[in-house]
Every structure is written in structure tokens, then in C-alpha cells.
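Read through the structure below, which is laid out as C-alpha cells, and then see the notes.
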Amino acid sequence: MTLANAPAGEESGAPLPTVISADAISRRVRELGVEISAAYTDREPVLVLVLHGAFIFAADLARALTAGYQVESLALASYHGRESSGQVQVVKDLGCEIAGRDVLIVEDIVDTGRTAAAALALLESRDPRSIEVVALLDKPSRRVIEVNPRWVGFEIEDVFVVGYGLDLDGRFRGLPYIASADALDLKGDS
Ligand code: 5GP
């Protein structure tokens, strides 16, 4: 069996330990949809997906919103394997103007805070009417730059997680739940 068609969670040969179940994610995303819709009544926020980790969360969150919205994406690179490089680069910018718009940055996880802080600084400089962050996951214990997402799905411990869009060197994004990858021995992996 190749990695491409391996059952979810078994790319490493054994299921990865669950940190947040698919059911818990789906319940929380629906709650976030209700809260965020209430905050944007009669507005049409620009949802800025921070690629690539946020793509599954953003797709589910967008379907849980009752408010109208526009979707844009921003690709920022800061991670190589499990360790942050400490640098954030803009790999792909937005395709629209956001001056005067309500912007909601959709992040998979806020870890050191560097990526969210860089996205906020970049987009704030373009004069949006408002700018907020929603993060599926938050690891406050790892923060090096203060960032306070207005909405957070789950606070987690200092564990390297994969699944539901989050990867480890391109793998495990398709897991329907959030799993810990801390036990994986990647020696010899490319
Ligand atoms: P930060 O800039 O806050 O340190 O990290 C933000 C980015 O690092 C996230 O958008 C995500 O892509 C990656 N990242 C941080 N922690 C994790 C983790 O536990 N698992 C995975 N897969 N990516 C992470």
C-alpha cells in the first residue's frame, strides 16, 4: 500500500493517538459558526485562509456561517518539519483590496504567534475596517509574540499535532481528527 491510499491515520503504519476527535471538532466548528455569524450580522467579512493548514477548518467553518462572506487566501511559510524557522515569508498574497472591509483571518493553529502576528501586521497596514483572528487550535504555552485570537476552537498543550488539514512535511492532512505526532520517529524520512 502506498502512502497516498493508506487508511487515515495509518500513514506511519499505526494509528496516531487522538488529541481531538472528529465529533468534537465538528461540534466546536458549528458553535464557532454561530458565534462568528452573530458578530458579522449585516456585514460580509473577507475570510482570509492562512494556507495550507487552515483549508479544511476554513471549509467547514464557512459552511457553518449564516453571514455572507468572501474567501481569499494568504500563504505564509514559517515551518520546516516540527521546528519553526522563526522567519515568516509571504508566499502568496491576497487577490483583493481589503481597505474598509471586515477581515477574519482563519488560522489552523497559533503556536509561537509569529505567523498570526505577521498576517495581522501585513493586513492591518491595508486599512481594513476591522480585523480579527479565528484559530482552530491555540498553544498559548509556546507563544513568543503576543497574539490573542478572538475565537479559538481548542486550547492544546505543547504537542505537535497533525490531521484536519495540519501536516507534518505534507503528510497526515487528511486525518479526520487531530492527532499527536510526537511519538513519530522521523529519522530516515524525507
Ligand atoms: P506560529 O507562527 O504560530 O509558530 O505557527 C503557525 C504555523 O505553524 C501554523 O499555521 C502551522 O502551520 C504550524 N504549526 C504550529 N504548530 C503546529 C503543530 O502542532 N502541528 C502542525 N502540523 N503545524 C503546526
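Note that ligands are numbered from 1 as they come in the structure, with each ligand's atoms numbered from 1 the same way. FYI, side chains are in, hydrogens and waters are out, and symmetry mates aren't considered; it's all heavy atoms of this structure.
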Point to revise | Crowding at CD, Gln70 (>12 non-hydrogen neighbours, <6.0 Å) | key: yes

Exercise for review: Using a cut-off of 6.0 Å, state whether more than 12 heavy atoms not belonging to Glu157 lie near its atom CD.
Suggested key: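 Not more than 12 within 6.0 Å, no.
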
Check your understanding: Would you call Val106 and Val134 a side-chain contact if the rule is heavy atoms closer than 4.5 Å?
Key ->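 Yes, side chains in contact.
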
So, does [X] sit close enough to ligand 1 that a heavy atom of it is under 4.0 Å from the ligand?
X	value
Lys139	yes
Val50	no
Leu168	no
Gly113	yes

Point to revise | Part of Arg142 within contact of ligand 1 (heavy atoms, under 4.0 Å) | key: neither

List the atom pairs, donor and acceptor, that lie under 3.5 Å between side-chain atoms in residues 18-27 and the rest of the protein, sequence neighbours left out.
from: Ser21; atom 1: OG; to: Ala24; atom 2: N; distance (Å): 3.1
from: Ser26; atom 1: OG; to: Arg30; atom 2: NH1; distance (Å): 3.1

**Study point:** Asp167: numbered ligand 1 atoms lying under 4.0 Å from its heavy atoms
**Key:**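 Near Asp167, the atoms of ligand 1 are 21 (C), 22 (N).
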
Exercise for review: May I ask you to list the atoms of ligand 1 that are less than 4.0 angstrom from any heavy atom of Glu107?
Suggested key: 10 (O)

Point to revise | Any N/O pair Val161/ligand 1 closer than 3.5 Å | key: yes

Review point. Donor-acceptor pair, Asp182 side chain versus Phe160 backbone, under 3.5 Å?
Key: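 Flag set: sc Asp182 to bb Phe160 pair under 3.5 Å.
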
**Study point:** Heavy-atom nearest option to atom 7 (C) of ligand 1, drawn from Val144, Asp138, Val159, Thr115
**Key:**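 Of the listed residues, Thr115 has the closest heavy atom.
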
Point to revise | Pick from Asp158, Val19, Leu76, Ile109: the one approaching atom 24 (C) of ligand 1 most closely through a non-hydrogen atom | key: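 Looking at heavy atoms only, Ile109 sits closest to atom 24 (C) of ligand 1.
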
Exercise for review: Using the test side-chain contact (heavy atoms from CB on, under 4.5 Å), find all partners of Ile56 that sit at least two apart in sequence or belong to another chain.
Suggested key: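 Partners of Ile56 by the side-chain contact (heavy atoms from CB on, under 4.5 Å) criterion, ordered by chain and then number, come out as Asp60, Tyr164.
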
Check your understanding: Under 4.0 Å between a Lys/Arg side-chain N and an Asp/Glu carboxylate O for Glu35 and Arg28?
Key -> yes

